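Because the structure is predicted, anything quoted here is derived from the model rather than measured.
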Amino acid sequence: MESFFRLHRRIASFDQVLVTLGGALIALAIRLYVGWQFFKSGLVKIGDWDATLALFRDEYHVPLLPPELAAVMGAGGELVFPVLLLLGLFSRPAAIGLFVVNLMAVLSYPQLFMFECPAAVNDHAYWGALLLVLIAYGPGKASVDGWLDGRVKT
């Protein structure tokens, strides 16, 4: 039995390395994936601004905001927050910002729930869940925030 406990202690001695390295890689993968999804959407919006404005006037019904302001805020959020997320700089505020953008996209476009294929709604649910992971656990060591945390003296 003692040899079992020794083996367990040896294996467990690597836990912190795996948590740190694994957590950093998982957080990086989440940041890259979610950031890229939103950044692509922002590029589409600014690529045809007239179509974007028409969508916000006719299809998307963002509560309390005029369509033009909602379009600027949506496109801006989809371009700025992902860059911060990809870099891992101000990661939690960026993840919160993208979570709000994602939530507004779902709330302002109720047609998402009427499609026969639920993939569109599911994508938003997955992105929201991944963003909540980043909000709760942070960007990991493979980020500018992680690098800064190690350099800042309290």
Side-chain angles (χ1 to χ4, degrees), residues 15-154:
D15 284 356
Q16 189 55 47
V17 172
L18 292 174
V19 166
T20 301
L21 181 60
L25 293 176
I26 289 169
L28 177 62
I30 291 171
R31 290 186 357 251
L32 293 174
Y33 173 71
V34 176
W36 180 241
Q37 300 309 310
F38 282 92
F39 192 73
K40 287 188 303 185
S41 179
L43 291 176
V44 168
K45 282 183 178 63
I46 64 169
D48 189 349
W49 191 248
D50 290 335
T52 297
L53 288 175
L55 277 173
F56 275 86
R57 285 186 194 113
D58 303 331
E59 297 284 330
Y60 305 152
H61 303 288
V62 178
L64 305 174
L65 294 178
E68 294 77 12
L69 179 59
V72 169
M73 290 178 70
E78 289 179 336
L79 293 170
V80 173
F81 294 138
V83 171
L84 293 173
L85 208 60
L86 293 167
L87 293 172
L89 179 63
F90 303 115
S91 303
R92 281 189 167 104
I96 291 169
L98 281 179
F99 188 84
V100 170
V101 169
N102 188 47
L103 184 63
M104 282 297 104
V106 171
L107 293 176
S108 66
Y109 193 55
Q111 291 88 334
L112 281 174
F113 297 98
M114 292 185 268
F115 295 141
E116 288 181 25
C117 176
V121 171
N122 288 345
D123 283 345
H124 286 280
Y126 300 143
W127 299 332
L130 291 171
L131 288 165
L132 287 175
V133 168
L134 292 175
I135 292 166
Y137 294 102
K141 296 284 184 191
S143 65
V144 174
D145 288 337
W147 179 78
L148 289 171
D149 285 347
R151 306 203 31 99
V152 174
K153 306 275 190 220
T154 56

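Closest of all the heavy-atom pairs between Ala27 and Pro139 is CB-O, 3.1 Å. Looking at every heavy atom in both residues, Leu28 comes nearest to Ala142 through CD1-O, 4.2 Å. Annotation for Leu86 and Trp36: closest pair CD2-N, 4.4 Å, computed over non-hydrogen atoms. Annotation for Phe90 and Asp145: closest pair N-OD1, 3.0 Å, computed over non-hydrogen atoms. Closest heavy-atom contact between Pro82 and Phe38: CG-CB, 3.8 Å. In plain terms, the two heavy atoms of Arg31 and Ser143 that are nearest each other are NH1-CB, 3.7 Å.
The shortest side-chain heavy-atom distance between Asn102 and Leu98 does not fall under the 4.5 Å cut-off. Between Ile30 and Tyr137 there is no side-chain heavy-atom pair separated by less than 4.5 Å. Looking at Met73 and Phe56, their side chains never come closer than 4.5 Å, going by heavy atoms from C-beta outward. Looking only at side-chain heavy atoms (C-beta outward), Glu59 and Ser108 stay at 4.5 Å or farther from each other. Using a 4.5 Å heavy-atom threshold, the side chains of Lys40 and Glu78 count as separate. In this structure, Tyr60 and Thr52 have side chains that are not in contact, with every pair of non-hydrogen atoms separated by 4.5 Å or more. A 4.5 Å side-chain heavy-atom check between Leu53 and Pro67 finds every atom pair outside the cut-off. Inter-residue side-chain proximity for Leu85 and Leu131 is flagged as met; some heavy-atom pair is nearer than 4.5 Å.
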- Message: Applying side-chain contact (heavy atoms from CB on, under 4.5 Å) to Val121 and Tyr109, what does each step give before you reach the verdict?
- Response: CA-CA 10 Å; Val121 171; Tyr109 193 55; over 6 Å; no
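The structure places CG of Leu134 at 11.0 Å from CD1 of Ile26, a figure rounded to the nearest 0.5 Å. To the nearest 0.5 Å, atoms NZ (Lys141) and CG (Leu21) are separated by 12.0 Å. From Leu79, atom CG reaches atom CG of Leu84 across 11.5 Å, with rounding to the nearest 0.5 Å. Note that the CG atom of Leu43 and the CG atom of Asp48 stand 13.0 Å from one another [nearest 0.5 Å].
Defined by atom type and a distance below 3.5 Å, a donor-acceptor pair is missing between the side-chain atoms of Ser41 and Gln37.
Arg92 places a side-chain N or O within donor-acceptor distance of the main-chain N or O of Ala136, the cut-off being under 3.5 Å.
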